[in-house]
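A short write-up of the structure that comes next.
Atom set for the values below is all heavy atoms of this structure, side chains included, hydrogens, waters and symmetry mates excluded. What you see is a predicted model; the values in this text were computed from it and never measured.
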Amino acid sequence: MGDVNRGHRPLSPHLMIYRPQLTSMSSIMVRITGIASLVAAPLFIWWLIAAATSSASFDVINGLLSSWFGALILAGVSWALWFHMLGRLRHVIWDLGYGWSLKTSETMGWGMFIGATVLTLLTIIIL
């Protein structure tokens with residue numbers, strides 16, 4: 001390692017030196033939506049525990065989640081879950097050895113953003 005010329009090595013892409021690409025942005029969003037899902041999980045657990053304990057407890061969390069703010073949170077969580085699921089599916093396809101061309105990767109990236117939005121809208125309509 002002593003002979004590595006550090007002055008001519010490229011900087012990390014997270015420093016935004018490079019032009020953002022759809023494939024890198026969708027990959028970063030998969031990580032963000034995974035964390036968002038973990039942050040939203042206590043809401044679901046709270047809802048389940050409240051439903052199992054008393055109607056007064058359930059009314060509090062159900063009132064929160066059925067308000068306009070709760071609906072906004074649930075729509076965001078739904079989008080995050082769908083996007084994360086589509087991102088994992090993309091990685092399964094890549095693990096099988098398919099979809100490695102740049103055009104296919106970008107198409108899958110657009111498919112993740114559009115697919116998560118469409119699936120979220122369908123979820124909202126159905127539920």
Side-chain angles (χ1 to χ4, degrees):
M1 283 294 278
D3 62 345
V4 174
N5 187 352
R6 296 195 183 276
H8 296 288
R9 292 177 58 192
L11 297 174
S12 297
H14 71 276
L15 296 175
M16 293 304 184
I17 302 296
Y18 302 109
R19 180 180 62 84
Q21 299 172 346
L22 183 62
T23 52
S24 62
M25 291 296 110
S26 61
S27 182
I28 291 167
M29 282 300 295
V30 167
R31 290 167 176 82
I32 291 171
T33 55
I35 293 168
S37 300
L38 284 174
V39 170
L43 273 177
F44 180 65
I45 294 168
W46 180 15
W47 185 77
L48 287 176
I49 291 172
T53 55
S54 70
S55 62
S57 298
F58 182 73
D59 288 342
V60 171
I61 183 66
N62 200 46
L64 171 70
L65 293 178
S66 59
S67 69
W68 69 269
F69 184 68
L72 190 63
I73 290 173
L74 291 175
V77 168
S78 177
W79 190 87
L81 288 170
W82 282 119
F83 189 87
H84 194 77
M85 187 271 306
L86 292 173
R88 299 293 93 207
L89 181 61
R90 178 181 66 170
H91 275 275
V92 168
I93 292 169
W94 283 346
D95 289 344
L96 292 173
Y98 301 105
W100 282 99
S101 72
L102 183 59
K103 183 171 175 34
T104 304
S105 292
E106 287 182 353
T107 302
M108 285 194 293
W110 278 114
M112 289 166 55
F113 283 101
I114 294 168
T117 303
V118 168
L119 289 168
T120 299
L121 291 174
L122 285 174
T123 302
I124 291 169
I125 291 168
I126 291 171
L127 297 178

Checklist entry - Is Met29 reachable from Ile35 through a run of hydrophobic residues whose side-chain heavy atoms are each under 4.5 Å from the next? => result no
Next on the checklist: For the CH2 atom on Trp110, are there more than 12 heavy atoms of other groups (residues, nucleotides or ligands in this structure) within a distance under 6.0 Å?
Outcome noted: no
Next on the checklist: Quick check on the hydrophobic clustering: are Trp100 and Tyr98 connected, directly or via other members, by side-chain heavy-atom contacts under 4.5 Å?
Outcome noted: yes
Item to check | Working for side-chain contact (heavy atoms from CB on, under 4.5 Å), residues Trp46 and Leu64 | outcome: CA-CA 11 Å; Trp46 180 15; Leu64 171 70; 4.2 Å; yes
Checklist entry - Taking the inter-plane angle between the rings of Phe44 and Trp47 on a 0 to 90° scale, is it parallel (under 30°), tilted (30 to 60°) or perpendicular (over 60°)? => result parallel
Item to check | Heavy-atom pair of closest approach, residues Ala75 and Thr120 | outcome: O-CG2, 3.7 Å
Checklist entry - What are the two closest heavy atoms between Ile61 and Ala50, and how far apart are they? => result CG2-CB, 3.7 Å
Checklist outcome for this item: Between the OG atom in Ser27 and the CG atom in Leu22, the distance rounded to the nearest 0.5 Å is 11.0 Å
Item to check | Interatomic spacing from CG in Leu74 to CZ in Phe69 - rounded to 0.5 Å | outcome: 10.5 Å
Item to check | Reported CG-to-OG distance for the pair Leu122 and Ser78, which is rounded to 0.5 angstrom | outcome: 9.5 Å
Next on the checklist: Can you tell me how far apart CG (Leu48) and OG1 (Thr53) are? Round to the nearest 0.5 Å.
Outcome noted: 10.5 Å
Checklist entry - If you take all heavy atoms of Ser26 and Arg90, which pair is closest and at what distance? => result OG-NH1, 2.7 Å
Item to check | Heavy-atom pair with the smallest gap, counting every atom of Leu86 and Leu119 | outcome: CD1-CD1, 4.3 Å
Item to check | Whether Ser37 side chain and Thr33 backbone form a donor-acceptor pair below 3.5 Å | outcome: yes
Checklist outcome for this item: On a heavy-atom basis, the closest approach of Val30 and Arg88 is CG1-NH2, 3.2 Å
Checklist entry - Side chains of Thr117 and Trp79: is there a donor and an acceptor less than 3.5 Å apart? => result yes
Checklist entry - Any sub-3.5 Å donor-acceptor pair from Trp82's side-chain atoms to Gly115's backbone N or O? => result no
Checklist entry - Do you reckon Leu43 sits in the same ILVMFWY cluster as Trp68, going by side-chain contacts under 4.5 Å, direct or chained? => result yes
Next on the checklist: Can you give me the closest heavy-atom contact between Thr23 and Ser105, atom names plus distance?
Outcome noted: CG2-CB, 3.6 Å
Checklist entry - If Ile, Leu, Val, Met, Phe, Trp and Tyr residues are connected whenever their side-chain heavy atoms lie under 4.5 Å apart, and connections chain through other members, are Val118 and Leu81 in the same group? => result no
Item to check | Joint hydrophobic cluster, Val60 plus Ile45, side-chain heavy atoms closer than 4.5 Å | outcome: no
Checklist entry - When rounded to the nearest 0.5 angstrom, what distance separates OG1 in Thr107 from CG in Leu102? => result 9.0 Å
